[in-house]
Each structure stands twice: as structure tokens, then as C-alpha cells.
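The structure presented is a predicted model; accordingly, all values stated were derived computationally and were not measured. Naming convention: chains lettered A, B, ... in sequence-line order (proteins, then strands); numbering from 1 in each chain.
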2 protein chains.
Amino acid sequence: MQFSKSTGHALHAVIHLARAERGQHVGIKELAALLGVSESYLSKIMSKLRQDGIVRAMTGASGGYELAKSANLITFLDVIQVVEGRQKMYECFNLDSQQHQLFFESEEQASQHTGHHEGNGCLVKKVMDGAEQQMVHYLQQHTIQGVLDSAAATSTK
Amino acid sequence: MQFSKSTGHALHAVIHLARAERGQHVGIKELAALLGVSESYLSKIMSKLRQDGIVRAMTGASGGYELAKSANLITFLDVIQVVEGRQKMYECFNLDSQQHQLFFESEEQASQHTGHHEGNGCLVKKVMDGAEQQMVHYLQQHTIQGVLDSAAATSTK
DNA sequence: CTATTATGGATATTGCAGGTCCATAAAGAT
DNA sequence: ATCTTTATGGACCTGCAATATCCATAATAG
Ligand code: SF4
Ligand code: SF4
């Protein structure tokens with residue numbers, strides 16, 4: 001139950017791009033050296049960020065990366081989901097276990113007309129999904145620009 | 001970024017124990033059959049739950065497991081942390097990277113007298129820790145008994 | 001004593017995060 | 001045109017943690 005290292009790298013990379021001049025391209029060399037990771041590995045992460053529309057990339061001499069949109073439009077959630085994916089944190093795997101059946105013995109009849117329930121009514125899943133939602137919501141409210149602003153405010157205090 | 005299957009099993013096992021009669025012992029055989037997993041594997045999980053004081057175990061004939069405390073004193077967080085551990089979801093691994101140094105160029109001098117800062121002032125880490133805290137807090141507010149109560153209320157509606 | 005049941009160590013299996021290498025494509029520089 | 005620089009994506013390797021099984025041992029009821 002931990003964020004992958006790649007997620008950390010993605011966050012740090014995006015933050016650095018946000019600090020760079022608008023329109024300025026940052027190469028993988030510079031980025032990798034700054035973060036202290038190999039170029040080949042970081043390039044994979046950057047590639048994903050590009051596919052998901054977080055950054056833009058330019059090949060060729062004096063190419064590199066830049067943010068694809070304003071830093072205040074990029075949330076922590078955006079960056080994290082690029083690397084971590086978008087699957088639910090808790091998935092029901094034992095849907096055919098006796099216990100699951102028990103939990104829904106009453107609901108089975110109720111869902112006769114719908115044809116599917118998929119654990120929608122299960123309170124265990126509801127709690128787990130709720131917990132995830134708390135975190136997701138928080139991460140969605142915090143942007144990259146937000147961090148930069150706060151950092152600036154702190155250093156000039 | 002997913003909860004392990006073991007976490008799911010632990011939750012389901014505890015819930016079943018909570019539904020059983022107080023003072024009644026449930027064997028690993030019954031429990032494993034109910035959840036649809038092997039006895040040997042589930043016993044490992046149960047053993048952890050015992051070590052952390054969630055359940056009590058009795059060896060010998062007519063032995064088995066029972067809750068070590070009332071179900072309304074057992075939170076989701078308690079059970080989850082038994083399996084998942086208690087490490088932070090985001091850990092700073094690149095503390096010696098150039099970027100980290102940059103982030104703390106001003107703070108370095110400020111922390112001369114303390115001797116350590118360990119990223120306390122970093123806003124990236126602060127956001128990530130904040131997100132985790134949101135989830136942890138939510139999981140701490142939801143007990144096993146809470147799910148049972150809601151389930152009972154739903155079935156009699 | 002015997003049957004039953006949990007425990008913990010050892011060990012296999014598997015999936016995946018972490019990481020490298022290289023052939024290719026795109027774009028600027030000459 | 002050609003060369004150099006730079007990103008891209010496929011193939012691949014590696015190590016470790018989650019998953020899973022087996023067994024020898026201990027504890028307990030009858
Ligand atoms: S969490 Fe609920 S829906 Fe999912 S398997 Fe368990 S009982 Fe079924
Ligand atoms: S998250 Fe902050 S404290 Fe952690 S390594 Fe990055 S800059 Fe340093």
C-alpha cells in the first residue's frame with residue numbers, strides 16, 4: 001500500500017517543468033540528472049505523462065519537455081493517476097464466495113429486475129470506496145501551481 | 001496502489017467473527033471454506049490478527065478464533081494496518097537529489113540549529129501526507145460493528 | 001492418550017515494479 | 001543532403017514482495 005517510486009519521479013519532474021520558463025524545453029538529460037535517476041527509466045515516465053496530456057515533447061536538437069497546460073490546471077491526482085493507473089484501490093475478488101452470497105441473500109431478490117448489482121449495495125465495499133474517495137478528492141484539490149505558490153510565500157516570509 | 005488480497009480476506013474474516021455468537025469459537029476450516037481460500041494461507045493472516053490483538057485464538061479440539069474485543073472498537077484501519085503495515089504511503093527516496101537540495105536551499109540555513117528537518121517543510125510531502133491522512137481518518141471512523149448495523153437496517157427496511 | 005486445532009518456519013510460485021538497451025523517428029544545425 | 005541531437009517504444013532482465021503450500025510442533029479438550 002505505497003505509491004510507486006515512479007509516482008514520486010513524475011511529481012518531481014512536473015514540478016521542475018513548472019518552475020522552468022514558459023516555452024522553454026527541458027531535456028531528459030537535465031531532468032534525469034536533477035532527479036538523480038537514469039535517463040532511460042525517466043523517459044518512460046515522461047512518455048506516459050505526454051500520452052496523458054500532462055506534458056508536451058519535442059524531438060530533435062534543442063527539444064525536450066514542457067508542460068502541456070498551465071500548472072494550476074494540473075492536479076496531484078492527474079500526475080499520480082498517470083503512473084498508478086485508475087483502478088480502484090479495493091476490488092472484490094471473492095464475489096463467488098459463500099460469504100458474499102450471504103451478504104446479498106436478501107438483495108438477490110431485490111435485484112431480480114435490474115439483473116446486476118456488482119456489489120453496489122455492499123457496505124464493506126462502500127466503506128473502502130469511500131476511503132479512497134476521500135484521498136482522491138483531496139489530491140484533486142491540490143495543484144502543482146499551489147505547491148509552487150506556497151513555496152514562494154514561505155521563502156519570502 | 002491497491003490493497004492486497006490479504007487485506008480483503010482479513011476484513012471478511014473479522015466480519016464473520018463479529019457475526020458469530022459472542023464466546024463462540026470459529027475454526028480455520030469453517031472460515032477458509034466460507035471465504036473460499038486455503039486454510040494454510042488464511043491461518044497466516046489470522047495469526048497476524050491475533051498478534052495485533054484483533055482476535056483471540058484457542059488451540060485444541062473445539063478451538064478456533066473469536067474477536068478479542070467488541071466489534072465497535074475494531075476500526076477498518078485497525079484491520080487494514082495488520083496486513084498492510086504502518087509505513088507512509090509516500091516516502092521521500094531522493095533526499096540527496098539536486099532537486100531536493102534546491103527545494104530546501106533556504107531552509108537549510110534555518111535548520112542549522114535543529115540539525116534535522118527530514119523534509120518536514122516540503123510542500124510536496126505535505127500534500128501527499130495530507131492525502132493519506134484523509135483516508136486514514138475516514139477508515140478510523142468506520143468500525144466493523146458499523147457495517148453490521150447498517151446491514152441489519154438495510155435488510156429490515 | 002488421542003483427536004483436534006492453531007502456530008511458525010521453510011519453501012515454492014508468481015506478478016510486477018524497477019531498470020537497461022537499442023533500433024527508430026523526428027527535428028534542428030551544418 | 002547529412003549529421004547530430006533528442007524523444008519513443010519495444011524487448012528484455014532483475015529483484016523482491018505478495019501469494020500460496022507443506023510440515024513439524026505445541027496446546028487443549030475429551
Ligand atoms: S466486499 Fe462485499 S461485495 Fe465485495 S466480496 Fe465482500 S461481501 Fe461481496
Ligand atoms: S518530496 Fe520534498 S522532501 Fe521529499 S525528496 Fe522531494 S523535495 Fe525533498
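The distance from atom NE2 of His16(B) to atom CG of Leu34(B), rounded to the nearest 0.5 Å, is 4.5 Å.
Atom NZ in Lys48(A) sits about 14 Å away from atom P in dG19(C), given to the nearest Å. The OH-P distance, from Tyr65(B) to dT4(C), rounds to 17 Å in whole Å. The distance from atom CD of Glu39(B) to atom P of dT4(C) is 13 Å, rounded to the nearest whole Å. Between the C1' atom of dT20(C) and the CD1 atom of Ile45(A) lies a distance of 14 Å, rounded to the nearest Å. Residue Tyr41(B) contributes atom OH, which lies 18 Å from atom P of dA6(C) at whole-angstrom precision. Between the CD atom of Glu84(A) and the P atom of dG18(C) there is a distance of 8 Å, rounded to whole Å.
Closest heavy-atom contact between Ala20(B) and Val26(B): CB-CG2, 4.0 Å.
Near DNA chain C, meaning a heavy atom under 4.0 Å from it, residues 1-9 of chain A has Ser4(A), Lys5(A), Ser6(A) in order of number.
Atom CD of Gln87(A) sits in a crowded spot, with more than 12 heavy atoms from other residues, nucleotides or ligands closer than 6.0 Å. Annotation for Lys69(B): atom NZ counts as buried by contact number, over 12 foreign heavy atoms lying within 6.0 Å.
Residues passing the side chain to side chain contact (heavy atoms under 4.5 Å, CB included) test with Lys44(B), sequence neighbours excluded: none. Here Tyr41(A) pairs with Ser6(A) under the side-chain hydrogen bond (donor to acceptor under 3.5 Å, both in side chains) rule; sequence neighbours left out. In this view, Asn94(B) satisfies the side-chain hydrogen bond (donor to acceptor under 3.5 Å, both in side chains) rule with no residue, not counting sequence neighbours. Considering only residues two or more places apart in sequence or on other chains, Ser4(A) meets the side-chain hydrogen bond (donor to acceptor under 3.5 Å, both in side chains) condition with Thr7(A), Glu84(A).
His12(B) places a side-chain N or O within 3.5 Å of a backbone atom of Gly8(B) that can act as its donor or acceptor partner.
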Pairs: protein N or O with nucleotides 9-13 of chain C N or O, under 3.5 Å:
residue : atom : partner  : partner atom : Å
dG9(C)  : O6   : Lys44(B) : NZ           : 2.5
dA10(C) : N6   : Lys44(B) : NZ           : 3.3

Set out, line by line, the N/O atom pairs under 3.5 Å between protein and nucleotides 26-29 of chain C.
residue : atom : partner  : partner atom : Å
dA26(C) : O3'  : Thr59(A) : OG1          : 3.4

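Between chain A and DNA chain D, the heavy-atom contact criterion of under 4.0 Å yields a 5' to 3' nucleotide range of dT5(D) to dA11(D).
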Would you mind writing out the side-chain donor-acceptor pairs for residues 45-59 of chain B within the sub-3.5 Å range, not counting sequence neighbours?
residue  : atom : partner  : partner atom : Å
Asp52(B) : OD2  : Arg86(B) : NH2          : 3.2
Arg56(B) : NE   : Glu66(B) : OE2          : 3.2

Taking only distance into account, with no hydrogens and no angle test, what donor-acceptor pairs under 3.5 Å do side-chain atoms of residues 76-83 of chain A form with protein atoms, sequence neighbours excluded?
residue  : atom : partner  : partner atom : Å
Asp78(A) : OD1  : Thr75(A) : OG1          : 3.3
Asp78(A) : OD2  : Thr75(A) : N            : 3.0
Asp78(A) : OD2  : Thr75(A) : OG1          : 3.0

Only pairs under 3.5 Å count here: list side-chain donor-acceptor contacts from residues 137-145 of chain B, not counting sequence neighbours, and write none if there are none.
residue   : atom : partner   : partner atom : Å
His142(B) : ND1  : Tyr138(B) : O            : 2.8
Thr143(B) : OG1  : Gly146(B) : N            : 3.0
Gln145(B) : NE2  : Asp149(B) : OD1          : 2.9

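Annotation: of the two residues near DNA chain C, Val83(A) and Ser43(A), the 5′-most nearest-nucleotide partner is Val83(A).
Residue pairs meeting the salt bridge (Lys or Arg N to Asp or Glu O under 4.0 Å) criterion with at least one partner in residues 128-139 of chain A, sequence neighbours excluded, are Lys125(A)-Asp129(A).
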